[in-house]
Undergrad: 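One structure follows; several queries about it will come next.
In what follows, every chain begins at residue 1, and chains take the letters A, B, ... in the order their sequences are listed.
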Amino acid sequence: MKNYDHKKIEKKWQKDWKETEIYKTLNSSKNKKMYVLDMFPYPSGVGLHVGHPRGYIGSDVYARMKRMGGYNVLHPMGYDAFGLPAEQYALQHKIHPKKAVEENVKTFERQLSIIGLSYDWSRKVNTTDPKYYKWTQWIFLEIYNSWYDNKKGKARKIDELVSIFEKTGNKNINASCSNDISVFTAKNWKDFSKKEKQDILMKYRLAYEGYSEVNWCPQMGTVLANDEITTDVKGDIVSERGGYPVEKKSMRQWFMRITAYADRLISGLDRLEWSSHIKEIQKNWIGKSEGALLKFPVKNIGGEIEVFTTRIDTIFSGTFLILSPEHQFINKNKINIENFSEFEKYLEIVKNKTEEERIDKNNKTGIELKGIKVINPATGFEIPVWVSDFVIASYGTGAVFADAHDKRDFDMAKKYNIPLCVSIKPQDNSLFEKIKNFEECFEEEGILFNSGTFDGLTSKEARSKITEWLASKKLASKTIKYKMRDAVFARQRYWGEPIPLKHDKDGIISDLKLKNLPLELPNVKSYEIMGTGESPLAGVKSWVKEGYETNTMPGWAGSSWYFIRYMDPTNNKEFASKKAIDYWNQVDMYVGGAEHATGHLLYSRFWNNFLYDMGYISFKEPFKKMKNIGMVLATDGRKMSKRWNNVVNPDDIVSNYGADTLRVYEMFMGPFDQSLPWSTESIIGSRRFLDKVFRLQNKISNKNSNIEIEKVFHKTIKKVSEDIENFSFNTAISSMMVLVNEMEKNENINKKDFKMFLQILAPFAPHITEEIWQNLGEKRSIHTSSWPKYDKKKIIDDMIKIAIQVNGKVRSEIDINKDISEEKIKKIVINDKNVVAWIENKLIKRIIYVKGRIVNIVV
RNA sequence: GCCCGAGUGGCGGAACUGGUAUACGCGCACGACUUAAAAUCGUGUCUCGUAAGGGAUGUGGGUUCGAUUCCCACCUCGGGCACCA
């Protein structure tokens, strides 16, 4: 027998598989379908390290098992090549991004091709291909031309909104919209000018232009979404990519009204088989708070200030109000504020604060609005109104009521000597009675600690009672608020999908029609950032002359729907045919990093929900099951990086040990979802395993296996099948190692049994198994053979080993028949020679027998 | 500060639903083969103890006949959110 020559074997079979197209997805409507998807990569310039393919190998193992299990498997790969990473790379290397992407894709494909992944490459997509982004632009326009009807709980065409406006105005509309909407009636909709109509509709569109504080990154010359920024070690806000400083800046921007879907993005999680960890992150990010809107009437002036709270049960101790410095009330009531000039000074200070000072929790600053008093709706007391920058304008109503329970409010009150009051204990169940107690509190120089809760009520019950009570006086209403903000959908950069809109000289926006798509990105020489806050496209004369939008779409646009395109990747008439969409449905198994929890995974769900609302797709959620891949760290435990000079290149591993060894090792090194350090020493174990498998060919014969090893075969098939299903690849391999060690002890191995073993190893080590399989006389690929089934009868042991404990400590071990009666076993154990010494002269209190596992004698 | 997750040999890790803790692999030690080395194969490898036996799954408690697994408190590490009312 020849030695295991991985180079020869791997080259041979990779060529063969390519020629025979065994991994090609069928278009037929075979009813067992399985969509196994990897998060597609952005092709970076530096090439792959050994950690990148780990996820692809895992999904490949899964896809291969499913293929052998008779499924029509869709397992594609593509490129997410628009966006900042690709463009930054291009700028640094002074290559046009288009060219850079082409080159990087080549490197990527060369590196991936030698690993033996079973992709159907004919379905490859690339987000920068105009044939692809034609449909990204189309989806954008669909979103742009839609609004969200809260009553129906779904998105609808903007035309339907216009006809409602024509008939009844917007008085009775319950829609997700920008919050500065003024009410108009049916009578005046037609009286609005074209521009006015546009402005009103813009407040309802799901993709809209708005004015908002955004994350501006001067060095990158663009705005960034909340999930694209992070804090560095010093606590400063920086860009996730590159670590450049980011500042808050008010700008006109395109947004996506993802907040309209906030509730569905939370409730939809219940349908998904994702790790609870990712679900938790998304829930946190969306940040749902159930509470109440409270009205504080303004004394003498009239009107009221609205406040959002989740703790209405603390309203009786609310002794002042705090507004954010940007709150509209302040400017509207300039003349009534006695110390307005002082306020202006404060505002100036706030504006000049650095990010670090602004988020300093230990140093609250504020100013009282003199001459303004509001009424606490629960107590009827006049309370003062303050302004402080710790109150955030964009959350809730930009105003809070303050009470001593809240640490921030408490700090503020202590610093400025504002009266406080703590925990009123009502004397009876009537809420009105509590007001009496409140008076007492005030008299004690501001603070009175009078602990206790509402009689017989949990704080939750108290909340709903108080809300009801104040609601009956029209002073409160139940409300839900979310932390999540609408997503900024524009980048002032060159390398992205153009937004398919035109502006005429009067500022009227028109959308491109499908027949005019794609709106291709102009091929320019200079794509450097402008530094003015404008996109490089603003410098392209022909572009500007046509009135095209100069911002481009963010990186997440193309990746928010690519999983649909794979279903029908070359369709030129639709983003994908109805037939293909209905057949493939959701992604059954999605594999990728957990770092996309608040970005890609949320945006995809948002777009998917939208497309579902519009009836284009039949599934509510894009990714039914998801498995997250842990990072492969360098041997020193740090991230693999050029900077640390600790990068392990998969090419070297493939060349030295073979692709199969790389695959087996990456699956064996530890749990799939766990971050693990690479070990240059340990990989040899996986190679030795495959060497053993190769050598076992010498022992194959047609003689029957003995019963013992036959059992191990069948148990291993069961274990490996289950483990692959659960992505427990490390234990699947360890059980196969056990089997191989057993086989080595035997003189002969039955050919049929050995072939079953090859089949369950095939997803992990496709090349070597194919080689041996065909050495054994098979003419067709092992990878299109049928997944072996274990024989239930053959995994049952007649004789089993069980442990005997005395008082919970193992003292002996016996072999018994599995069906032995409890009576018999009890007799056996108390006479066992190893046990006798421990129970002599002692009273046996109990004997516990757990069938097939253990006997415990209690003395 | 709040919300998750995890702590098991020298190392990566295994252990079903509470039932023989340390499977599998690496490393290490010894042995076989070899002139020798590599490769390969075999034996051993949590710890204290000559042994009998005792002790170990981050720490301390609890529940149980029995706890890595369940409960409580704490410590350490990782992740997410964060002046979000």
Undergrad: Can we say A:Lys407 and A:Asp411 salt-bridge, meaning some charged N sits less than 4.0 Å from an Asp/Glu carboxylate O?
TA: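 A salt bridge links A:Lys407 with A:Asp411.
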
Undergrad: How many whole angstroms separate atom CG of A:Asp723 from atom P of B:A23?
TA: 17 Å

Undergrad: In whole Å, what is the span from the CZ atom of A:Phe694 to the C1' atom of B:A39?
TA: 16 Å

Undergrad: For the backbone of A:Ser477 and the side chain of A:Thr479, can you confirm whether one donor and one acceptor N or O come within less than 3.5 Å of each other?
TA: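 Indeed, once roles are kept as given, a pair shorter than 3.5 Å links the two residues.
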
Undergrad: Any donor-acceptor pair under 3.5 Å linking the side chain of A:Asn746 with the backbone of A:Asn748?
TA: no

Undergrad: Taking the basic N atoms (NZ, or NE/NH1/NH2) and the acidic carboxylate oxygens, is any pair closer than 4.0 Å for A:Lys827 and A:Glu823?
TA: no

Undergrad: Look at all strands and tell whether A:Thr598 reaches a base, only sugar-phosphate, or nothing, counting heavy atoms closer than 4.0 Å.
TA: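 A:Thr598: no heavy atom of the nucleic acid under 4.0 Å.
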
Undergrad: Applying a 4.0 Å non-hydrogen cut-off, can you work out what A:Thr310 is touching in the nucleic acid: base, sugar-phosphate, or nothing?
TA: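 Sugar-phosphate only.
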
Undergrad: Which glycosidic conformation, syn or anti, is assigned to B:G42 if syn requires a torsion within 90° of zero?
TA: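 Glycosidic conformation of B:G42: anti.
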
Undergrad: State, yes or no, whether a side-chain contact exists between A:Tyr665 and A:Val50 at a heavy-atom distance under 4.5 Å.
TA: no

Undergrad: So what does A:Leu676 hit on the nucleic acid, given a heavy-atom distance under 4.0 Å: a base, only sugar-phosphate, or nothing?
TA: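 Here A:Leu676 touches the backbone only, sparing every base.
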
Undergrad: Take atom P in B:C16 and the same atom in B:U20, then report the distance between them in whole Å.
TA: 10 Å

Undergrad: For nucleotides B:C46 and B:A51, find the distance between their P atoms and express it as a whole number of Å.
TA: 14 Å

Undergrad: Check every strand shown and say whether A:Val391 touches a base, only sugar-phosphate, or nothing at a heavy-atom separation below 4.0 Å.
TA: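 It contacts base atoms.
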
Undergrad: A:Ile392 side chain: which of B:G19, B:C26, B:C83 is closest?
TA: B:C83

Undergrad: Quick one: which of A:Ile286, A:Asn284, A:Ile281, A:Ile278 gives a side-chain contact (heavy atoms from CB on, under 4.5 Å) with A:Thr598?
TA: A:Ile281

Undergrad: Measuring only the C1' atom in each nucleotide, how far is B:A15 from B:U68? A whole number of Å is fine.
TA: 8 Å

Undergrad: A:Lys364 or A:Ser675: which one's nearest nucleotide on RNA chain B is closer to the 5' end?
TA: A:Ser675

Undergrad: How long is the line joining CD1 of A:Ile814 and P of B:G19, in whole Å?
TA: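 Those two atoms, CD1 and P, are 19 Å apart.
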
Undergrad: Quantified in whole Å, what is the P atom distance between nucleotide B:C70 and nucleotide B:A23?
TA: 23 Å

Undergrad: Among B:G27, B:G25, B:C3, which nucleotide has an atom closest to any side-chain atom of A:Ser682?
TA: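 Per side-chain heavy atoms of A:Ser682, the pick is B:G25.
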
Undergrad: Please give the distance between the C1' atoms of B:U59 and B:U76 as a whole number of Å.
TA: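 Here B:U59 and B:U76 have their C1' atoms 10 Å from each other.
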
Undergrad: Under a 3.5 Å distance rule, please check whether A:Asp797 uses its side chain to pair with a backbone N or O of A:Lys818 as donor and acceptor.
TA: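 No, A:Asp797 side chain to A:Lys818 backbone: no donor-acceptor pair under 3.5 Å.
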
Undergrad: Considering only the P atoms, how many Å lie between B:C4 and B:G53, rounded to the nearest integer?
TA: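 Rounded to whole Å, the distance is 46 Å.
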
Undergrad: Using whole Å, report how far CZ of A:Arg811 lies from P of B:G53.
TA: 7 Å

Undergrad: Give the nucleotide from the list B:G54, B:A15, B:G27 with an atom nearest to the side chain of A:Thr731.
TA: B:A15

Undergrad: Does a distance-only test, which skips hydrogens and angles, find a donor-acceptor pair under 3.5 Å between the side chain of A:Lys483 and the base of B:A82?
TA: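 A donor-acceptor contact between them is absent.
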
Undergrad: Using a 4.0 Å heavy-atom cut-off, does A:Arg485 contact any base of the nucleic acid, only the sugar-phosphate backbone, or nothing at all?
TA: base

Undergrad: If I take atom CD1 in residue A:Ile804 and atom P in nucleotide B:G66, what distance separates them, rounded to the nearest angstrom?
TA: 18 Å

Undergrad: Please tell me which of the listed nucleotides, B:G25, B:A85, B:C24, lies nearest to the side chain of A:Ser289?
TA: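 Between B:G25, B:A85, B:C24, the one nearest the side chain of A:Ser289 would be B:A85.
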
Undergrad: Between B:U40, B:U20, B:G13, which one does the side chain of A:Val810 approach most closely?
TA: B:U20

Undergrad: Which is true for A:Lys407 with a 4.0 Å heavy-atom rule: it touches a base, it touches only sugar-phosphate, or it touches nothing?
TA: nothing

Undergrad: When we call it a touch if two heavy atoms are under 4.0 Å apart, what does A:Trp838 touch: a base, just sugar-phosphate, or nothing?
TA: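 Touches sugar-phosphate only.
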
Undergrad: From the list B:C26, B:A21, B:C41, which nucleotide is the closest neighbour of the side chain of A:Glu681?
TA: B:C26

Undergrad: Checking all strands, does A:Glu813 fall into the base, sugar-phosphate, or nothing category for heavy-atom contacts under 4.0 angstrom?
TA: base

Undergrad: For B:A29, which nucleotide is its Watson-Crick or G-U wobble mate, given both distances must be under 3.5 Å?
TA: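 In the structure as shown, B:A29 has B:U43 as its Watson-Crick or wobble partner.
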
Undergrad: Check the angle between the aromatic planes of A:Phe727 and A:Phe729 and answer parallel, tilted or perpendicular using the 30° and 60° thresholds.
TA: tilted

Undergrad: Could you label the plane-to-plane angle of the A:Phe320 and A:Trp386 rings as parallel, tilted or perpendicular, counting under 30° as parallel and over 60° as perpendicular?
TA: perpendicular

Undergrad: When rounded to the nearest Å, what value does the distance between C1' atoms of B:G7 and B:G13 take?
TA: 13 Å

Undergrad: Ignoring hydrogens and angles, tell me if any N or O in the side chain of A:Arg687 forms a donor-acceptor pair with the backbone of A:Tyr657 under 3.5 Å.
TA: yes

Undergrad: Among B:G27, B:A14, B:C83, which nucleotide has an atom closest to any side-chain atom of A:Asn730?
TA: B:A14

Undergrad: Pick the nucleotide of RNA chain B nearest each of A:Tyr665 and A:Lys745; which residue has the one closer to the 5' end?
TA: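 Whichever sits nearer the 5' end wins; that is A:Tyr665.
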
Undergrad: Taking A:Glu666's backbone N and O only, do any of them form a donor-acceptor pair with A:Arg54's side chain (distance below 3.5 Å, no angle check)?
TA: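 Such a contact is found between A:Arg54 side chain and A:Glu666 backbone.
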
Undergrad: Of all of residues 735-744 of chain A, which get a heavy atom below 4.0 angstrom from RNA chain B, listed by number?
TA: A:Met737, A:Val738, A:Asn741

Undergrad: Which part of the nucleic acid, if any, lies within contact of A:Lys719, taking any heavy atom under 4.0 Å across all strands shown: a base, the sugar-phosphate backbone alone, or nothing?
TA: nothing

Undergrad: Classify the nucleic acid contact of A:Asn856 as base, sugar-phosphate or nothing, counting any heavy atom under 4.0 Å across all strands shown.
TA: base

Undergrad: Could you work out which one of B:G55, B:C16, B:G13 sits closest to the side chain of A:Arg853?
TA: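 Closest of the options to the side chain of A:Arg853: B:C16.
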
Undergrad: When you check the phosphate oxygens OP1 and OP2 of B:A85, does a side-chain N or O of A:Arg311 lie under 4.0 Å from one of them?
TA: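 It does not, given that no N or O in the side chain of A:Arg311 lies less than 4.0 Å from OP1 or OP2 of B:A85.
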
Undergrad: Could you tell me how far apart A:Lys361 (NZ) and B:C81 (C1') are, to the nearest whole angstrom?
TA: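 Result: 10 Å.
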
Undergrad: Expressed in angstrom and rounded to an integer, what is the separation of A:Leu690 atom CG from B:C26 atom C1'?
TA: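 Roughly 16 Å, once rounded to whole Å.
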
Undergrad: Answer with base, sugar-phosphate or nothing: what part of the nucleic acid does A:Ile281 contact at a heavy-atom distance below 4.0 Å?
TA: sugar-phosphate

Undergrad: For B:C70, which nucleotide in any strand shown is its Watson-Crick or wobble partner with both distances under 3.5 Å?
TA: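 For B:C70, the partner nucleotide comes out as B:G62, under the 3.5 Å rule.
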
Undergrad: Looking only at non-hydrogen atoms, find the nearest pair between A:Tyr395 and A:Tyr482 and report the distance.
TA: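 Shortest heavy-atom separation between A:Tyr395 and A:Tyr482 comes out as CE1-O, 3.5 Å.
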
Undergrad: What does A:Gln805 touch in the nucleic acid at a heavy-atom separation under 4.0 angstrom: a base, only the sugar-phosphate, or nothing?
TA: base

Undergrad: Using the P atom in both, what is the distance from B:A38 to B:G27, to the nearest Å?
TA: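 Pairwise P distance, B:A38 against B:G27, rounds to 13 Å.
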
Undergrad: NA contact type, A:Asp409, heavy-atom cut-off 4.0 Å: base, sugar-phosphate, or nothing?
TA: nothing

Undergrad: Which part of the nucleic acid does A:Val858 contact within heavy-atom distance under 4.0 Å: base, sugar-phosphate only, or nothing?
TA: sugar-phosphate

Undergrad: Rounded to whole angstroms, how far apart are CG on A:Asp403 and P on B:C83?
TA: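 Rounded to whole Å, this separation is 20 Å.
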
Undergrad: It should be established whether A:Arg688 places a side-chain nitrogen or oxygen under 4.0 Å from OP1 or OP2 of nucleotide B:G25.
TA: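 Checking A:Arg688 against B:G25: no side-chain N or O falls below 4.0 Å of OP1 or OP2.
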
Undergrad: Which nucleotide in the set B:G13, B:U40, B:A85 lies at the smallest distance from any side-chain heavy atom of A:Arg695?
TA: B:U40

Undergrad: Considering only side-chain heavy atoms of A:Phe668, which listed nucleotide, B:C65, B:G55, B:G25, is closest?
TA: B:G25

